[in-house]
Q: 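Structure in structure tokens, see below.
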Number of protein chains: 2
Amino acid sequence: MSNRIDGLSDRKKLILKAIVEAHIQGGEPVGSKYITESKQLTCSSATIRNEMAELENMGYLEQPHTSAGRIPSKQGYRFYVDTLLEEYAMTAKEIAQINQLMKIKMSELDRILDKASKVASSLTNYTGFAIKPRSRAVTVTRFETALIDSRSFILILVASDGSVKTRNILTDSAIDLHTVTGLSQALNELVAGLDAEEITLPIMMSLENRIGDSALANTVMKSIYEVLGELDGGELKVSGLDRLLQYPEFSDSSDLGELLGAFERKDEILDLVSDTESDRVNVVIGSESSVKVINNSTFVFKPIKSKGKTVGAIGVIGPLRMDYARVLATLDNLGGNISQLLNEPKHTEKGDNHDG
Amino acid sequence: MSNRIDGLSDRKKLILKAIVEAHIQGGEPVGSKYITESKQLTCSSATIRNEMAELENMGYLEQPHTSAGRIPSKQGYRFYVDTLLEEYAMTAKEIAQINQLMKIKMSELDRILDKASKVASSLTNYTGFAIKPRSRAVTVTRFETALIDSRSFILILVASDGSVKTRNILTDSAIDLHTVTGLSQALNELVAGLDAEEITLPIMMSLENRIGDSALANTVMKSIYEVLGELDGGELKVSGLDRLLQYPEFSDSSDLGELLGAFERKDEILDLVSDTESDRVNVVIGSESSVKVINNSTFVFKPIKSKGKTVGAIGVIGPLRMDYARVLATLDNLGGNISQLLNEPKHTEKGDNHDG
DNA sequence: AATTAGCACTTGGAACAAAAGAGTGCTAAT
DNA sequence: ATTAGCACTCTTTTGTTCCAAGTGCTAATT
């Protein structure tokens, strides 16, 4: 009888779906009686009980204690997300809010992501985050300088991912426009386009020779290394942290502490996002991944692509019993819009606000 | 008998001090028996009880319920901080850690503050924050441009407080080096040094005339407004959020939520810090100030001065029963060091790392 | 063979009572 | 002015009972 390609009869699927959704909605364990009363199935509570017992044996459900209803296990949520989830139809209001964001045509990824994480948080009512994953491939493609006074100038570094970093440089000896112009020329010829490993001693020597000021060359190279490090190491922005507290699973205890700690350290989350390849919305339930920190929470995130490369991700974090349908739809839409924005030909529109 | 200039006998002061310190240490209400046993006073528990009753009447102590010991009231903490606190001698290790930070000679305030908030958090074991207060006085003192390609360039804005902001600008029509050089010249002559109110319509008109591209002028001015807004609105960085959770007063409940919410919104905290004038370490206990959000927590922060002006602040946030002696000493030292770093003549040292 | 009604069983939570413990306030003695 | 002593108050803990929820199993039914 019926569809068993993934090992569950249609009825079991229906029951599992009903339990997951009831639990997501109410937060309480779900009993057999509730399922029969919800009229999605025609059989009796005894039948449901038998099926539930089997689902528990198979690992899809758990029982907090003998006389309680069932709650979905992580495997249960996983099956739900992968197989049972129905498309969520976004409301006009939600779509409007996303379009609102899209109108702000910012060209700088950092600021787009920052804004997007706020929107994700406010649309889903979970904690939102935005991330720029690690990528060794980023280099400085161009150097510019701007003289400030006789003892300081600004070094501007344009990275291959489009981001711009600046550094105030204080010099030991007096400098003039000629010096810094020469410096930026030299950097553009010798260092631009190289990554950290490619900047070798010979290159540094020739830079020193070229500008004829070893102290300056030294200082500048230090700054460049630093910026390369920043470009490489990802960034993580979090917004709507306080929303976590409204869910009883975080209301007390150590789970919240682990999450906050993970946000502080950043690296676990960066790893988690950087390691995934799928372009679709990713759902990481509990400690499915090797990342230990997020045991009792779910990460959902969607990569942001620009010209075929993953340049960032936006997502939300919340309890296991997350409103997956809605979150998936929201992030898919939002992330897709952002990727599209990044990829669309930039100069086709009328001359309104082209920047941010 | 004895010192009553602030209305408390010496003995009452001793008792209050003992109670505050015992409570800071243990977190539990303090009873009369504990005080007598701690051997700081020679009188009996009954005497202590009488004194405690009086201290409660005077508003320095509170009783959670009849059969509990006393805990300090906000007024009690206030008196303790203002009058009873003994100098905390920082350990060699703590001083070493601060000196470590000081070695990183960064010239950019943002990055110093960011780092400093982390150090403050790790030294005190409370949540650290760093802030750049609002200040209407900041203007853009200088504009630079860097051409990227025929349709985009980077606008660099150097602010009067030394910070540097950049904006990617996408243009509708093709541009060349000549265009952007002319643009920066025009901006430097017409707009540099003005604050948002001073940029009037006539000025914008003459800019438009000067560069002869109204769409470009428009886009650029939008970016400038935006940056002026950013420079004006303060920044708030928080680190060590997870440390809050180790204190039982935040272990559950809404207080934590209010704090997290305040960190999200930022404005209450910015107001709080921006409104204070004292250069010393400030201690805001509970809702002493008009800021409602932080009812059951203490803010301690020290302003950072550069050339006589307050350019930032670093501080920590924690429960009312905070280790005030230690926090005050740490922030005073740390903040003082940073201010000194910002003010010291910058070019006197040997040619080692002058930047960051 | 699958479903279902019925019932015994398990368990956590609520309600209540009693006891223990901590600390006070007051009185009377020093 | 201080202090010993004690009655009093209030929270916390512990134990008991009771109840409701929900299960698993068995026997009857389709």
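Just so it is clear: chains get the letters A, B, ... in the order the sequence lines come, proteins before strands, and each one is counted from 1. Keep in mind the model is a prediction, meaning the values are calculated, not measured.
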Q: Grab the CD1-P distance between A:I48 and C:dA5 for me, whole Å please.
A: 12 Å
Q: Please name the nucleotide paired to C:dT3 by Watson-Crick or G-U wobble geometry with both distances under 3.5 Å, or report none.
A: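 The base-pairing partner of C:dT3, which may sit in any strand shown, is D:dA28.
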Q: Measuring from B:Q97:CD to B:N333:CG, what's the distance to the nearest 0.5 Å?
A: 11.5 Å
Q: One thing to verify: whether B:E62 and B:R70 come together as a salt bridge, which I'm taking to mean a side-chain N less than 4.0 angstrom from a carboxylate O.
A: no
Q: Can a side chain N or O of B:T66 be found less than 4.0 Å away from OP1 or OP2 on D:dT9?
A: no
Q: Quick one: is A:R70 getting a side-chain N or O under 4.0 Å of the D:dT23 phosphate, OP1 or OP2?
A: yes
Q: Who is the Watson-Crick or G-U wobble partner of D:dT11, with both distances under 3.5 Å?
A: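 Pair assignment: D:dT11 / C:dA20.
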Q: With the side chain of A:R49 defined as its heavy atoms from C-beta on, choose the nearest nucleotide among C:dC7, C:dG12, D:dT3.
A: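 So the nucleotide nearest the side chain must be C:dC7.
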Q: Just how far, in rounded Å, is P of C:dA22 from CD of B:Q63?
A: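 After rounding, the reported distance stands at 16 Å.
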Q: Side chain of B:T47 only, please: which of C:dA5, D:dT9, D:dT3 is the nearest?
A: D:dT3
Q: Is A:A46 touching bases, backbone alone, or none of the nucleic acid, heavy atoms closer than 4.0 Å?
A: base
Q: Quick one: A:N50 CG to D:dT23 P, roughly how many Å, whole number?
A: 11 Å
Q: Report the distance from atom CD of A:E54 to atom P of D:dG24, rounded to the nearest whole Å.
A: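 In whole Å, D:dG24 P lies 11 Å from A:E54 CD.
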Q: Grab the CD1-C1' distance between A:I15 and C:dT3 for me, whole Å please.
A: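 Going from A:I15 (CD1) to C:dT3 (C1'), I get 12 Å.
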Q: Measure from CG on A:D10 to P on C:dA2 and round the result to the nearest Å.
A: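 About 16 Å, once rounded to whole Å.
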Q: Can you identify which nucleotide, out of D:dC10, D:dT23, D:dA21, has its nearest atom closest to the A:S67 side chain?
A: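 Out of D:dC10, D:dT23, D:dA21, the nucleotide with an atom closest to A:S67's side chain is D:dA21.
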Q: Decide, yes or no, whether a salt bridge links B:R243 with A:E264 under the criterion of side-chain N to carboxylate O below 4.0 Å.
A: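 Answer for the salt bridge query: no.
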Q: Whole angstrom is fine here: how far is it from CD in B:E56 over to P in C:dG25?
A: 7 Å
Q: Is the B:F299-B:F129 ring centre distance short of 6.0 angstrom?
A: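 Yes, close enough.
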Q: Rounded to the nearest 0.5 Å, what separates atom OG in A:S45 from atom CG in A:N50?
A: 9.5 Å
Q: Just checking B:S32: base, sugar-phosphate only, or nothing, at a heavy-atom cut-off of under 4.0 Å?
A: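 Result for B:S32 = sugar-phosphate.
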Q: Distance check needed: C:dG23 P versus B:L61 CG, whole Å only.
A: 15 Å
Q: Taking the nucleotide of DNA chain D with the nearest heavy atom to each, does A:P29 or B:S44 sit closer to the 5' end?
A: B:S44
Q: Side chain of A:A53 only, please: which of C:dT10, C:dG25, D:dG24 is the nearest?
A: D:dG24
Q: In terms of the nearest nucleotide of DNA chain D, which residue is placed more toward the 5' end: A:M52 or B:P64?
A: B:P64
